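Comments concern the structure below.
So you know, we letter chains A, B, ... as the sequences are listed, proteins then strands, and number each from 1. Predicted model only: the values in this text are computed from it and were never measured.
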Number of protein chains: 2
Amino acid sequence: MGRESMYFEGAEKRLSLTLESACPSLRALGDAYWRRALAKSNTEILSKLSSEQCDAYLLSESSLFIWHDSLVLITCGNTRLIETVVNLVESLGPKQILSLSYQRKSEILASLQSSRFEEDLARLRELLSGDAYRMGHLDGHYHQLFLSGQVGQLKPTQVMQMYHIRGDLADYLRSDRQSTEGIASRLNLTQLLSGFHLDTHLFSPLGYSLNALRGQDYFTLHITPQEMSSYVSLETNLSLGDGLRAIVVELLNRLNPVSWDIAGFDAEAPAYCAEQYSLQARGELALADGQGLYIKHYKQRDCEQLLPVAL
Amino acid sequence: MGRESMYFEGAEKRLSLTLESACPSLRALGDAYWRRALAKSNTEILSKLSSEQCDAYLLSESSLFIWHDSLVLITCGNTRLIETVVNLVESLGPKQILSLSYQRKSEILASLQSSRFEEDLARLRELLSGDAYRMGHLDGHYHQLFLSGQVGQLKPTQVMQMYHIRGDLADYLRSDRQSTEGIASRLNLTQLLSGFHLDTHLFSPLGYSLNALRGQDYFTLHITPQEMSSYVSLETNLSLGDGLRAIVVELLNRLNPVSWDIAGFDAEAPAYCAEQYSLQARGELALADGQGLYIKHYKQRDCEQLLPVAL
């Protein structure tokens, strides 16, 4: 395996926004509109899956979900998502935006990013009023977010990130043998995502993306298995009590990450079925209307043996 | 407290080198020589403490220890230590260098550094042959080092780093009330460093450095207590069996960090006296002659409550 395929920045930047109810439908803006907006962050549309409620775009750098009055856009790598965000806010009009959140998880290779969160924040504050926070220590995993408008109106989501996957499935995901069918089968996707329509893509040389829709429900999974920076993320509006727990436990058992985070609007602790992990840290950001954004960081219980990596 | 005093990059870059035995004494090069070399990384000499065997310079950015045929230089902040290293190797002559190690611990604010380790490495490899390694994951604490020559001849040291200090002493170190005498008393330095001569400096608005010498033994302690990036490091040639364990345990109990690392030539696990911590990860880099460089990462056992930080 070449050195260039050993690293990839999986950690996503994320935009979630909801429009005022009187606005025209976001879905009516058309593919060309989204193509232009995404081009600002060097991101391309690879495919599209639609349901009655939602258009799910699979991107060269993660995913875009568009409903009538809201959207969720996540991009990975060294994309400058902030450029697309600025473009969308200016194009839609700041006054049309009921609520917006812009988030960046701590990057694995932060020094390779073309902007810091604080710099993105300065751009956003020229357009929108809002509050920004960081949860977690700078020397570990942390979440940074900017919130504007009626944040109680943002889509209630759960986001999970897994780091340093290990074992047979991790090896398979780094191999030449992999296929979309093989991954679906090994992840037990048919059972875990029962009733969902799936759109998947296998990247070359490595990487796998999945968008899934089932009525109002959406689910996305991104795997960057690169040896030195392996990372798997999922995002969904399913709650832990409504199908997500079984998915989390199955993915943990199959992917066997060293550590993982979950962040979302669901206060419940998801890990009681995955006893090989212990809860290392948790935090809550109180939002309006009694809602909260909860983050939790888990790590394997056993002492990890670190191997020297030649540079 | 102003925002500018909430962050400081404590994590050090470190040079250790040993000259061929026929070389003239490093100590004879004189203060002006070291002043010029240190200026390459924007570092100044604040004071000097000498014993029969060693000159210990307290620097504006950490410490320099010089023996007859070897030196240890550590700098923190956003210093470009690599510039001083290149200057020293060129000035002393690559053929005069018996062994050299250049190390960078993962920085707390990596994206603010003016070079990455890989870039420093490219500079070093123009001057010296050697091997480079990383131990630890990129999303957590990791150690990066370049080793050249007879690495068994490097000074056997232990380096300890503590992150996110908490409690009364941490509060005191962030207060206007602090003094060098007050810190020495609260850290119990007279007892812990019995027989050592001390040179200390209190930085404005925050920060404390200590160099200490006792015959062949050296010890240095640097405290950057800034709320959002608090960090305390020590380095010494004392072994865990020879006085260091008592110091480690006392500092852990008084400074109460969330996590800490120890790296060095001493295979022993130091933590059995500090039961509030669990060993999260360990690694060994095998060197020549049965020697090894051992790193260990500890974290508090209890789940940490993370508080949102407004940005």
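Contacts between B:L121 and chain A at a heavy-atom distance below 4.5 Å involve the side chain alone, from C-beta outward. Contacts between B:R116 and chain A at a heavy-atom distance below 4.5 Å involve the side chain alone, from C-beta outward. A:L293 does not touch chain B: none of its heavy atoms, backbone or side chain, sits under 4.5 Å away. Of the atoms belonging to B:L285, heavy atoms from both backbone and side chain fall under 4.5 Å from chain A. Contact annotation for B:E284: only backbone heavy atoms (N, CA, C, O) come within less than 4.5 Å of a heavy atom of chain A. Using a 4.5 Å cut-off between heavy atoms, B:S259 contacts chain A through its side chain alone, with no backbone atom that close. Contacts between B:F117 and chain A at a heavy-atom distance below 4.5 Å involve the side chain alone, from C-beta outward.
Taking A:R80 as the reference, A:E83 meet the salt bridge (Lys or Arg N to Asp or Glu O under 4.0 Å) condition, with sequence neighbours excluded.
Per-residue heavy-atom pair counts under 4.5 Å with chain B were compared for A:G283, A:G140, A:A132, and the maximum is reached by A:A132. Between chain B and the residues A:S229, A:A110, A:G136, A:A286, the most heavy-atom pairs under 4.5 angstrom are made by A:G136. Across A:Q305, A:R301, A:R282, A:M135, the residue that shares the most heavy-atom pairs under 4.5 angstrom with chain B is A:R282. For the set B:K299, B:E304, B:Q300, the entry with the most heavy-atom pairs within less than 4.5 Å of chain A is B:E304.
Contact check for A:M228 versus B:R134: side-chain heavy atoms found under the 4.5 Å cut-off. Side chains of A:L306 and B:H137 form a contact here, defined as non-hydrogen atoms less than 4.5 Å apart.
Shown here for B:Y133 and A:A310, the closest heavy-atom pair between the two residues is CD2-CA, 4.0 Å. Nearest heavy atoms, B:C303 versus A:L279: CB-O, 3.6 Å.
Contacts between residues 141-166 of chain A and chain B, defined by a heavy-atom separation under 4.5 Å, are made by A:H141, A:Y163, A:H164.
Rounding to the nearest 0.5 Å gives a distance of 9.0 Å between OG of A:S111 and CG of B:L138.
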